[in-house]
Asker: 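Please find one structure pasted underneath; my questions will follow.
The chain is numbered in sequence order, starting from 1.
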Amino acid sequence: MAQVLLLTAGVLICLATADSVIRTLVVPRGATSRIASGISAAVFGAFRFVARRTSTNEARDRVLAPAAPLVIVVWLFSWLVLFMIGFTLILMVTGQLMFGDAWHEAGSSLLTLGFAWSGRVQLSTVDFVAAATGPVIIGLLIGFLPALYTSYNRRERMVTVMHARASEPNWGPEVLARQALLGSLDELPGFWHEWEHWAADVSESHSSYPILIGLRSTKARRNWAVALLAAMDAAALQLAVAPQLPPGSARMMLRQGMACFADLAA
């Protein structure tokens, strides 16, 4: 009976971990994973606990900046450890091994080192599956990072543009004031069009990969959500006080910005 429970526990741990890897790294729709979500909540919670005890915005930003990248690293190590535990329990039952020997062989196979193979034919299938699992997880994570940082760079490009138009931290009325001072109010429809597409891109990418929400901008006084809010404030202000300007682009940008915030809040 005990062996059946151990085998069942090992298989369930491996399946739950594989489900977490697939949902987090493969499924492009922000599918929730309790393992990945729990790790994210624990890491971000620890960093926020420290950040709340800082006195300046710059210090708080320095504390929080490594949180999201560290979450990704902890995901990898947690998945590998969980697979090691699962394969250890399976090897204990199928090979009649003690925990230490099974752990040794599971780690050797999972990391494809092969130094602890017991030579038992009945364990070969488990060893082969474990040996394939480690490289697959690492390969998926390596493939995940370029997509993640490509979306991050697209997001930050427009945030950097907003610095020249709305100072930092960004302020919506500053956008209209600077355009008016430069005599370039006729450029606003193109500006709203860019931000409408940017908001749609952020909504899709950050919903698919929620860890992007935690990746902070390169400067303490720069923030993508504040930049979008400033653009929306400027669009709303134009609609309220400058009806002679073309309203269509500003209104559509405002609607897309609200949809972006609603999607990410959900």
Asker: Indicate the ring-plane relationship of F83 and F87, choosing parallel, tilted or perpendicular according to the 30° and 60° boundaries.
Answerer: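 If you compare the ring of F83 with that of F87, the planes turn out parallel.
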
Asker: Do you see a donor-acceptor pair shorter than 3.5 Å between the side chains of E156 and S217?
Answerer: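 A donor-acceptor contact under 3.5 Å links the two side chains.
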
Asker: Using modelled atom types and a 3.5 Å cut-off, is there a donor and acceptor pairing between side-chain atoms of T54 and backbone atoms of A51?
Answerer: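 Such a contact is found between T54 side chain and A51 backbone.
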
Asker: Counting only heavy atoms from other residues, nucleotides and ligands, does the tally under 6.0 Å from CZ of R178 exceed 12?
Answerer: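 Enclosed: over 12 neighbouring heavy atoms sit under 6.0 Å from CZ of R178.
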
Asker: How close do S40 and V71 get, counting heavy atoms only, and between which atoms?
Answerer: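 Scanning both residues completely, I find the closest heavy atoms to be OG-CG1, 3.5 Å.
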
Asker: If only side-chain N and O atoms count, and only distance matters, is there a donor-acceptor pair under 3.5 Å linking Q256 with W198?
Answerer: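 On atom types as modelled, these side chains do not qualify, holding no pair under 3.5 Å.
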
Asker: Quick check against the 3.5 Å criterion: does S167 have a side-chain atom that pairs as donor or acceptor with the backbone of N170?
Answerer: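 Side chain of S167 to backbone of N170: no pair is present.
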
Asker: Return yes if some donor-acceptor pair links the side-chain N/O of R60 with the main-chain N/O of R53 below 3.5 Å, else return no.
Answerer: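 Pair absent, no side-chain N/O of R60 close to backbone of R53.
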
Asker: With rounding to the nearest 0.5 Å, note down the distance linking CD in E168 to OG1 in T160.
Answerer: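 Output value for this atom pair is 8.0 Å.
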
Asker: Yes or no on side-chain hydrogen bond (donor to acceptor under 3.5 Å, both in side chains) for W75 and T24, after CA distance, side-chain angles and deciding distance?
Answerer: CA-CA 9 Å; W75 280 347; T24 305; 5.9 Å; no

Asker: Ignoring hydrogens and angles, tell me if any N or O in the side chain of S151 forms a donor-acceptor pair with the backbone of A147 under 3.5 Å.
Answerer: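 A pair under 3.5 Å: yes.
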
Asker: Parallel under 30°, tilted from 30 to 60°, perpendicular over 60°: which one fits the rings of W103 and F99?
Answerer: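 It falls in the parallel class, under 30°.
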
Asker: Once rounded to the nearest 0.5 Å, what's the spacing between atom CG of D201 and atom CD of E196?
Answerer: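 Interatomic distance, D201 CG to E196 CD, rounded to 0.5 Å: 12.5 Å.
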
Asker: Under 3.5 Å, is there a donor-acceptor pair between the side chain of S20 and the main chain of A16?
Answerer: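 Such a contact is absent between S20 side chain and A16 backbone.
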
Asker: Can any side-chain N or O of H104 pair as donor or acceptor with the backbone N or O of G100 at less than 3.5 Å?
Answerer: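 Side chain of H104 to backbone of G100, a donor-acceptor pair under 3.5 Å: no, none is there.
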
Asker: Would you please test E58 and R62 for salt bridge (charged side-chain N to carboxylate O under 4.0 Å, His left out) and show each step?
Answerer: CA-CA 6 Å; E58 288 73 15; R62 285 196 299 271; over 6 Å; no

Asker: Taking atom OG of S249 and atom CD of Q238, what is their separation to the nearest 0.5 Å?
Answerer: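 Answer for the OG-CD pair, S249 versus Q238, is 8.5 Å.
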
Asker: With no hydrogens and no angle check, do the side chains of D263 and S207 hold a donor and an acceptor under 3.5 Å apart?
Answerer: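 No, S207 and D263 have no side-chain donor paired with an acceptor closer than 3.5 Å.
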
Asker: Between W171 and F261, is there shared hydrophobic-cluster membership here, with clusters defined by ILVMFWY side-chain heavy atoms closer than 4.5 Å?
Answerer: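 Looking at the clustering, F261 is in a separate group from W171.
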
Asker: Answer with yes or no whether the hydrophobic clustering places V73 together with Y152; edges join I, L, V, M, F, W, Y residues whose side-chain heavy atoms lie under 4.5 Å apart.
Answerer: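 No, V73 does not connect to Y152 through the hydrophobic network.
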
Asker: Ignoring hydrogens and geometry, is there a side-chain-to-backbone donor-acceptor pair from N153 to Y149 under 3.5 Å?
Answerer: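 Yes, the answer is positive, given that a donor and an acceptor are paired below the 3.5 Å cut-off.
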
Asker: Are more than 12 heavy atoms from other residues, nucleotides or ligands located less than 6.0 Å from atom CZ of R154?
Answerer: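 Yes.
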
Asker: Spell out, as yes or no, whether a donor-acceptor pair under 3.5 Å connects the side chain of R155 to the backbone of L212.
Answerer: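 The answer is yes, because a donor-acceptor pair under 3.5 Å joins these two groups.
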
